[in-house]
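Below is one structure, written out as structure tokens; the observations come after it.
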Amino acid sequence: MGPLPRSNPPSLRARLLAVLVVLAAIDLAVRLWFVPGFVHAYYVAGFATLRDRTAGQNFRVLYDALGKRVGSALRVATVGDSTMNSVDAVETTMIPYQLETELCRAYGAGSFRVIDFSVIGLYATDAALTVNKLMAADVDVIVYGVQFRAFPRRTGTFATRIGRQQSAADLARCVSAGGSRLLWETANPDDLFAGLVGSVWATYTYHPQLKLWLWGALQTQLKSYGIASGPALAPPASAKVSASPIKPRSVDWSSDEYSLDNPNWDGLETIGRLCAQHPQTACVLYAGPVNPIGRDRVTDPGLFEGFLARVQHVAESNQIVWRDYTTAMSGDDFQPPKFGKTRDPIHLNPGGRAKMAALLLDPIEEALAKRARERR
């Protein structure tokens, strides 16, 4: 008997096609099974509010959680820093939760849904790219609480990875709103590439969560064999920050660190133009409260006044509803001082946050009325 005929190995094209089919199948499973089955259960379900729980590392979780609008509730997206989400406070005392409560009390149960896009240490550059994505996220109102400390001189600094989550459509929208300079000064090729890939490849977007899921599955399997496997997988809590004692300073934010001309201001200008170009989304800008105790020590003379004037100019020149709440609270509305400070200049206590939420009803109503007029 002669030798058996050898089969021809698959061609390179066939191998590549097989790899692509497998990757497509995995990606489909991530989109249809993993995201709703694990990601949303871990980051979304069982919490009082819909907000980012990845500490700014993967906003896609929150965008996907928005999903298709259910019911007639109007959506309000809040953008800000720790003054908005109160760092490690109880969620039901945070401004977004309080705001939803106030809106539903005023306009009827279920009439509004507030989504919290705030992140600790949010710079204006981050805020601009966040607002840019929100313009395509089917929200009715964007409320941005602007803080002076969001405008440091240093460039290329982000508190989030929002720069790595911009799709081609997002980049085009940002450029059309005059954000080319913002992208040039703050983004880098790696960020842009990651955003373009992640916008079409869910497996790449959710690979940190996939690793988390695999670790949890391994823990469960090891426990079934009676083997200890380390810390148990637990739902994420509100991010907490630790800080060293603050050295005494003459002012909280000096002109050496902050100015009225840096990329963060380009971010605010971009927000203004985005709101002007997309009137289907109502916008509100407000300056957050400042503690009247030691108000003269917030910045060097004239710097804070210049900040307020410029934010107001951006709002009014783009016909955005604007409020100055810097003097709206008393010293009793602010958190007790920490880390050796004599007072907290900008963080409100639970009572102050409840007052702030109530104050925001008026500008939101004005912004929605403005949107209604423009739609006629």
Side-chain angles (χ1 to χ4, degrees), residues 77-81 83-84 118 122-132 134-135 141-155 173-186 251-255 257-290 295-296 298-329 345-346 356 359-360 362-371 373-374:
T78 58
V79 179
D81 59 10
T83 57
M84 180 77 75
S118 59
L122 192 79
Y123 298 115
T125 47
D126 298 71
L129 296 183
T130 301
V131 169
N132 183 45
L134 281 171
M135 288 299 174
V141 187
I142 296 174
V143 179
Y144 177 29
V146 190
Q147 292 288 347
F148 178 82
R149 68 174 183 178
F151 298 88
R153 288 179 181 271
R154 59 184 181 271
T155 60
R173 188 185 313 107
C174 186
V175 170
S176 69
S180 301
R181 181 180 171 185
L182 171 68
L183 293 172
W184 177 261
E185 292 178 327
T186 58
V251 294
D252 297 296
W253 299 286
S254 70
S255 56
E257 303 168 293
Y258 293 80
S259 70
L260 299 183
D261 185 19
N262 61 59
N264 283 296
W265 285 102
D266 293 335
L268 186 69
E269 297 278 359
T270 301
I271 289 174
R273 290 188 292 267
L274 283 166
C275 290
Q277 291 183 11
H278 299 275
Q280 78 278 1
T281 303
C283 291
V284 173
L285 287 181
Y286 76 88
V290 174
R295 183 184 172 94
D296 59 328
V298 171
T299 68
D300 289 324
L303 195 57
F304 192 78
E305 290 74 15
F307 154 76
L308 286 177
R310 184 158 180 181
V311 177
Q312 183 175 356
H313 172 74
V314 170
E316 292 179 348
S317 61
N318 291 286
Q319 299 184 339
I320 299 172
V321 175
W322 154 253
R323 293 291 189 277
D324 177 4
Y325 292 125
T326 55
T327 61
M329 301 289 169
I346 55 176
M356 187 69 247
L359 288 173
L360 288 173
D362 178 65
I364 289 174
E365 181 180 11
E366 182 180 338
L368 286 171
K370 177 178 177 293
R371 185 182 71 158
R373 291 194 300 270
E374 291 172 347

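Residue numbers count from 1 along this sequence.
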Query raised in the report: Without hydrogens or angle criteria, can the side chains of T326 and D324 be said to hold a donor-acceptor pair below 3.5 Å?
Result: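 Indeed, the side chains of T326 and D324 share at least one donor-acceptor pair under 3.5 Å.
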Requested in this report: Please check if any side-chain donor atom of S255 sits under 3.5 Å from a side-chain acceptor atom of D300, or the reverse.
Outcome: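 Judged by distance alone, the side chains do pair up.
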Ignoring hydrogens and angles, tell me if any N or O in the side chain of [X] forms a donor-acceptor pair with the backbone of [Y] under 3.5 Å.
X	Y	result
R371	A282	no
K370	I320	no
Q277	S176	yes
N132	A128	no
N264	A124	yes
R373	L368	no

Report task. Go through D81 and R149 one step at a time and tell me if the salt bridge (charged side-chain N to carboxylate O under 4.0 Å, His left out) criterion holds. Result -> CA-CA 10 Å; D81 59 10; R149 68 174 183 178; 3.2 Å; yes
Within-4.5 Å side-chain heavy-atom neighbours: [X] and [Y]:
X	Y	answer
Y325	M356	yes
L182	T125	yes
T299	V251	no
V141	V143	yes

**Report entry** Any residue meeting side chain to side chain donor-acceptor pair (under 3.5 Å) with Q147, in chain and number order, not counting sequence neighbours
**Finding:** T83
Requested in this report: State which residues pass disulfide (SG to SG under 2.5 Å) with C283; sequence neighbours excluded, sorted by chain then number.
Outcome: C275
**Report entry** Minimum heavy-atom distance R273-G178, with the two atoms named
**Finding:**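 Closest pair (atom of R273, atom of G178, distance): NH2-O, 3.0 Å.
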Report task. Taking all non-hydrogen atoms of both residues into account, name the closest pair between G80 and L122 and its distance. Result ->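 Heavy atoms only, the tightest pair is O-CD2, 3.4 Å.
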Query raised in the report: Which word best sums up how the rings of W253 and F148 line up, parallel for under 30°, tilted for 30 to 60°, or perpendicular for over 60°?
Result: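 Plane angle between 30° and 60°, so tilted.
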Query raised in the report: Could you walk me through whether R323 and E366 pass the salt bridge (charged side-chain N to carboxylate O under 4.0 Å, His left out) check?
Result: CA-CA 11 Å; R323 293 291 189 277; E366 182 180 338; 2.6 Å; yes
**Report entry** Contacts of W322 that satisfy ring-ring contact (aromatic ring centres under 6.0 Å, His included) - sequence neighbours left out
**Finding:**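 By the ring-ring contact (aromatic ring centres under 6.0 Å, His included) rule, W322 matches no residue at all.
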